[in-house]
Amino acid sequence: VGTILVLVGMAAAAFIISFRPMQLQNEIKFSNDVNAIFLNLESQSFVDQRWLAQTEALNGMSIRVEVGGHPLLYTTQNQQRDAVTRYARELAASTYGWNANGKDVISPSFSFEMDGKSWYGAAGNLSYKATIMTLVVVKDRQPETTMRNRMLLGFAACIVGAALLLIAFA
């Protein structure tokens, strides 16, 4: 029994040690993707909606763009998308100190829960043709959660298998 407890403890530690860097890597990737979006838009003289759509599709993100307070890209066509980006915008302002009226300001990336789902979020403003362009970027963390659950299931299967072998050969 003592050996099985040690085995469980070591497997739990191995799971935590292996999952945490993957989680940090996902957080860093989201932050880098957000910075790349802002840098690209900052360097352009116009907003390329096709580029935004491709960026969303390739990175599994939703990007809400407003110019002068008016939505620019599919904002009202998808109610869930609209709700989650509005919530992320409010959260960036209320919790992370992002100023929705400031110029050239990006909030830190953050995680949040909405309707039982986990999300990454960030918001920012850019100077754009004598007005302010506001961007809110969100990304569903479901793929990360699925990966974590699969890893946990794999570790649990290894623990059960090892415990059965220990019992069988004890």
Side-chain angles (χ1 to χ4, degrees), residues 15-154:
F15 174 75
I16 291 168
I17 290 169
S18 65
F19 181 71
R20 185 65 185 142
M22 188 171 57
Q23 185 179 20
L24 287 173
Q25 182 181 14
N26 288 334
E27 291 170 6
I28 290 168
K29 183 182 180 325
F30 176 76
S31 188
N32 288 341
D33 289 343
V34 168
N35 287 333
I37 291 166
F38 278 85
L39 287 172
N40 182 286
L41 289 172
E42 203 170 38
S43 67
Q44 302 300 317
S45 59
F46 66 95
V47 178
D48 185 349
Q49 293 186 13
R50 185 173 32 168
W51 179 84
L52 283 172
Q54 289 173 342
T55 301
E56 286 183 325
L58 291 172
N59 295 302
M61 299 176 162
S62 293
I63 305 170
R64 179 186 180 94
V65 181
E66 295 177 358
V67 176
H70 301 287
L72 182 66
L73 185 65
Y74 12 82
T75 306
T76 57
Q77 293 179 359
N78 183 326
Q79 290 181 349
Q80 180 190 14
R81 171 197 179 92
D82 191 40
V84 74
T85 55
R86 275 189 286 114
Y87 182 71
R89 178 185 172 137
E90 293 166 10
L91 196 59
S94 65
T95 307
Y96 299 97
W98 171 67
N99 180 359
N101 298 317
K103 288 186 179 180
D104 301 325
V105 178
I106 301 174
S107 76
S109 298
F110 54 90
S111 296
F112 64 98
E113 301 281 327
M114 183 177 165
D115 297 332
K117 291 178 78 172
S118 294
W119 301 85
Y120 289 119
N125 304 324
L126 297 170
S127 298
Y128 181 75
K129 296 183 179 180
T131 188
I132 295 176
M133 179 190 315
T134 301
L135 282 92
V136 178
V137 183
V138 296
K139 182 174 183 175
D140 189 354
R141 292 181 64 187
Q142 183 59 42
E144 181 182 327
T145 302
T146 301
M147 177 70 76
R148 184 197 67 217
N149 292 342
R150 287 181 181 162
M151 285 177 65
L152 185 59
L153 186 61

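Treat the numbers as computed from the prediction; the structure is a model and nothing was measured.
Of the inter-residue distances, the one linking Asn40 atom CG with Asp48 atom CG reads 8.0 Å to the nearest 0.5 angstrom. Interatomic distance, OH of Tyr87 versus CG of Asp115, reported as 9.5 Å (0.5 Å rounding). Rounded to the nearest 0.5 Å, atoms CD1 (Ile132) and CD (Glu66) are 11.5 Å apart. Considering OG of Ser127 and CE of Met133, their distance stands at 9.5 Å, rounded to 0.5 Å. How far CZ of Phe30 is from CZ of Phe110: 7.5 Å, rounded to the nearest 0.5 Å. Separation of atoms NZ (Lys139) and OG (Ser109) is listed at 11.0 Å; rounding is to 0.5 Å.
Qualifying side chain to side chain donor-acceptor pair (under 3.5 Å) partners for Ser111, counting only residues two or more places apart in sequence or in other chains: Arg141. For the side chain to side chain donor-acceptor pair (under 3.5 Å) test, no residue two or more places apart in sequence or in another chain qualifies with Asn32. Considering only residues two or more places apart in sequence or on other chains, Gln23 meets the side chain to side chain donor-acceptor pair (under 3.5 Å) condition with Arg20. Residues satisfying the side chain to side chain donor-acceptor pair (under 3.5 Å) test with Thr146, not counting sequence neighbours, are Gln142. Residues satisfying the salt bridge (charged side-chain N to carboxylate O under 4.0 Å, His left out) criterion with Arg86, sequence neighbours excluded, are Asp82. For the side chain to side chain contact (heavy atoms under 4.5 Å, CB included) test, residues two or more places apart in sequence or in another chain that qualify with Thr55 are Ile37, Trp51, Asn59, Ile63.
Under the 4.5 Å side-chain criterion, counting only non-hydrogen atoms from C-beta, Tyr128 is in contact with Val47. Side-chain atoms of Val138 and Tyr120, non-hydrogen and from C-beta on, never get closer than 4.5 Å to each other. The shortest distance between side-chain heavy atoms of Leu152 and Phe19 does not fall below 4.5 Å.
A donor-acceptor pair is defined here as one N or O able to donate and one able to accept, closer than 3.5 Å; such a pair exists between the side chain of Ser18 and the backbone of Phe15.
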request  = Please report the C-alpha distance between Thr145 and Asn149 in whole Å, then the side-chain angles of each, then the deciding distance to 0.1 Å, and finally whether the side-chain contact (heavy atoms from CB on, under 4.5 Å) criterion is met.
outcome  = CA-CA 6 Å; Thr145 302; Asn149 292 342; 3.9 Å; yes
ask   = Are Val84 and Lys117 close enough, and set up right, to give a side-chain contact (heavy atoms from CB on, under 4.5 Å), and what steps lead you there?
value = CA-CA 10 Å; Val84 74; Lys117 291 178 78 172; over 6 Å; no
request  = Apply salt bridge (charged side-chain N to carboxylate O under 4.0 Å, His left out) to Glu144 and Lys29, showing your working.
outcome  = CA-CA 12 Å; Glu144 181 182 327; Lys29 183 182 180 325; over 6 Å; no
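No more than 12 heavy-atom neighbours from other residues, nucleotides or ligands sit within 6.0 angstrom of CE on Met147.
The nearest pair of heavy atoms linking Trp119 to Met114 is NE1-O, 3.9 Å. Shortest non-hydrogen contact noted between Ser118 and Asp140 is O-OD1, 3.3 Å. Smallest separation of non-hydrogen atoms from Phe38 and Asn125: CE2-N, 4.0 Å.
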